[in-house]
Amino acid sequence: MPELPEVETVRRGLAPALVGTRLVSVDQRRPDLRFPFPENFVQRLTGRRVDALSRRAKYLLADLDDAQVLVMHLGMSGSFRIEDETPPGNFHYLKAKNAAHDHVAFGLSTGKRIIYNDPRRFGFMQIIARAELSAHPLFRNVGLEPLGNEFDGAALARLFAGKAAPLKAALLDQTLIAGLGNIYVCEALHRAGLSPRRAAGSLVRKNGSPTDHADLLAKVIREVLEEAVEAGGSSLRDHRQTNGALGYFQHCFRVYDREGAPCPREGCGGVIKRIVQSGRSSFFCGTCQK
DNA sequence: CTGTGTTCCTGTTCGC
DNA sequence: TGCGAACAGGAACACA
């Protein structure tokens, strides 16, 4: 499911069950997801206590009691669910929807189990020493947190200065801003009244300061992400929170997956269009997004 | 260095 | 109803 709001929703769902408990068993059911699991994955995790669960960009970070960090990325289709007790390995369980894509099961000292499911297997897990995290290739080039204190129009201007790439591509670039994905980029650009095709550098003045559009864009990015986190993320298809509940931000989409619908902006009268930019769908209103 | 296209994988939806 | 094509929340990688 995972853009920043969905990953944050997962973090909030997992933390109460996971933090403070020990991993008494780790059931790794295949050698790889997008990448191979790290060497001795099961042995390195079994017996460890989880001291904290945080998020950086679209990564979940479980701090372990041996100064290592279990890094988890959900890819396109990854999800976690919590089960209160070990289900019997019987016919009914095995026939359960999607059980074929349950790739990892963490048994906790509380008796609960946390199961990672990922049909497309674009997700991955890694174990990294905490001290090496920020220098690690996965994180060395990760961009600004859009909900962080430093994120504003001036920061956007610094990131976008001189960029000819379209706003859509620049906002999806995780080395610039970390956590936005296709949905929330589309939504933020509509709220800001900016075309996804517009050059990112056009939001920067010659002296490097932000235009009013840059200030507005930074503001609506923060807004749309905060609203989505508040709503428990977006549930497309059958994606669910860790407790099985559906997020409901998808009902708040103004443009994403709404090709042909009237533009929701008051008095605009335009129609939502779909175009493809660098292989991904962009939904926007050609009338009010310039 | 910058920007764009391809690729990994499975499941769902849509048009015929 | 069946069947192939298009498409899906990400991002590493190859290449111009």
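We name chains A, B, ... by the order of the sequence lines, and we start the count at 1 in each one.
Note: CG (Asp257(A)) to P (dC7(C)) measures 12 Å, nearest angstrom. Computed from coordinates, the Arg140(A) CZ to dA12(C) P distance equals 12 Å when rounded to whole Å. Between Phe139(A) atom CZ and dA11(C) atom C1' the separation is 13 Å, expressed in whole Å. Between Phe35(A) atom CZ and dG10(C) atom C1' there is a gap of 10 Å when expressed in whole angstrom units. The distance between atom CG of Leu171(A) and atom P of dG10(C), rounded to the nearest whole Å, is 13 Å. Note: CG (Asn117(A)) to P (dT10(B)) measures 13 Å, nearest angstrom. In this structure, Leu180(A) places its CG atom 14 Å from C1' of dA11(C), rounding to the nearest Å. Rounded to whole angstrom, the span from the CZ atom of Arg30(A) across to the C1' atom of dC8(B) amounts to 12 Å.
Each of dG9(C), dT10(B), dA11(C) was ranked by its minimum atom distance to the side chain of Glu3(A); first place goes to dG9(C). Side chain of Arg120(A), nearest nucleotide from dA12(C), dC9(B), dA11(C): dC9(B).
At a threshold of 4.0 angstrom between heavy atoms, the contacts of Tyr256(A) are confined to the sugar-phosphate backbone, with no base atom among them. Nucleic acid contact class of Arg34(A) (heavy atoms, under 4.0 Å, all strands): base. Residue contacts shown for Gly279(A) are absent, as no nucleic acid heavy atom lies under 4.0 Å away.
Scanning residues 183-198 of chain A for heavy-atom distances under 4.0 Å to DNA chain B yields an empty list.
Ring geometry for Tyr116(A) against His103(A) counts as tilted: the plane angle lies between 30° and 60°, on a 0 to 90° scale. Ring geometry, Tyr59(A) versus His73(A): the interplanar angle exceeds 60°, so the pair is classed perpendicular (tilted spans 30 to 60°).
The side chain of His101(A) places an N or O atom within less than 4.0 Å of a non-bridging phosphate oxygen (OP1 or OP2) of dG11(B). Phosphate contact (OP1/OP2 of dG10(C), side-chain N/O of Lys58(A), threshold under 4.0 Å): present. An OP1 or OP2 oxygen of dA11(C) is reached within less than 4.0 angstrom by a side-chain nitrogen or oxygen of His73(A). In terms of phosphate contacts, Ser77(A) brings no side-chain nitrogen or oxygen within less than 4.0 Å of OP1 or OP2 of dC9(B). Contact between the side-chain N/O atoms of Arg280(A) and the OP1/OP2 oxygens of dC7(C) is not found at any separation under 4.0 Å.
Across all strands shown, the partner of dG3(B) is dC15(C), judged by Watson-Crick or G-U wobble contacts whose two distances both fall under 3.5 Å.
Between the side chain of Gln28(A) and the backbone N or O of Phe41(A), no donor-acceptor pair lies under 3.5 Å.
Contact of the His190(A) side chain with the Pro264(A) side chain is registered, since non-hydrogen atoms from C-beta on lie closer than 4.5 Å.
Note: the hydrophobic cluster containing Tyr248(A) does not contain Val229(A) (ILVMFWY, side chain heavy atoms under 4.5 Å, direct or indirect links).
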Check: protein-nucleotides 1-4 of chain B nitrogen or oxygen pairs below 3.5 Å:
{"from": "dG3(B)", "atom 1": "OP1", "to": "Ala164(A)", "atom 2": "N", "distance (Å)": "2.8"}
{"from": "dG3(B)", "atom 1": "OP1", "to": "Ala165(A)", "atom 2": "N", "distance (Å)": "3.2"}

Contact list (N/O, under 3.5 angstrom) for nucleotides 14-16 of chain C vs protein:
none

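Under the stacking criterion of a centre-to-centre distance below 5.5 angstrom and an interplanar angle below 30°, Phe122(A) is not stacked against the six-membered ring of dA11(C).
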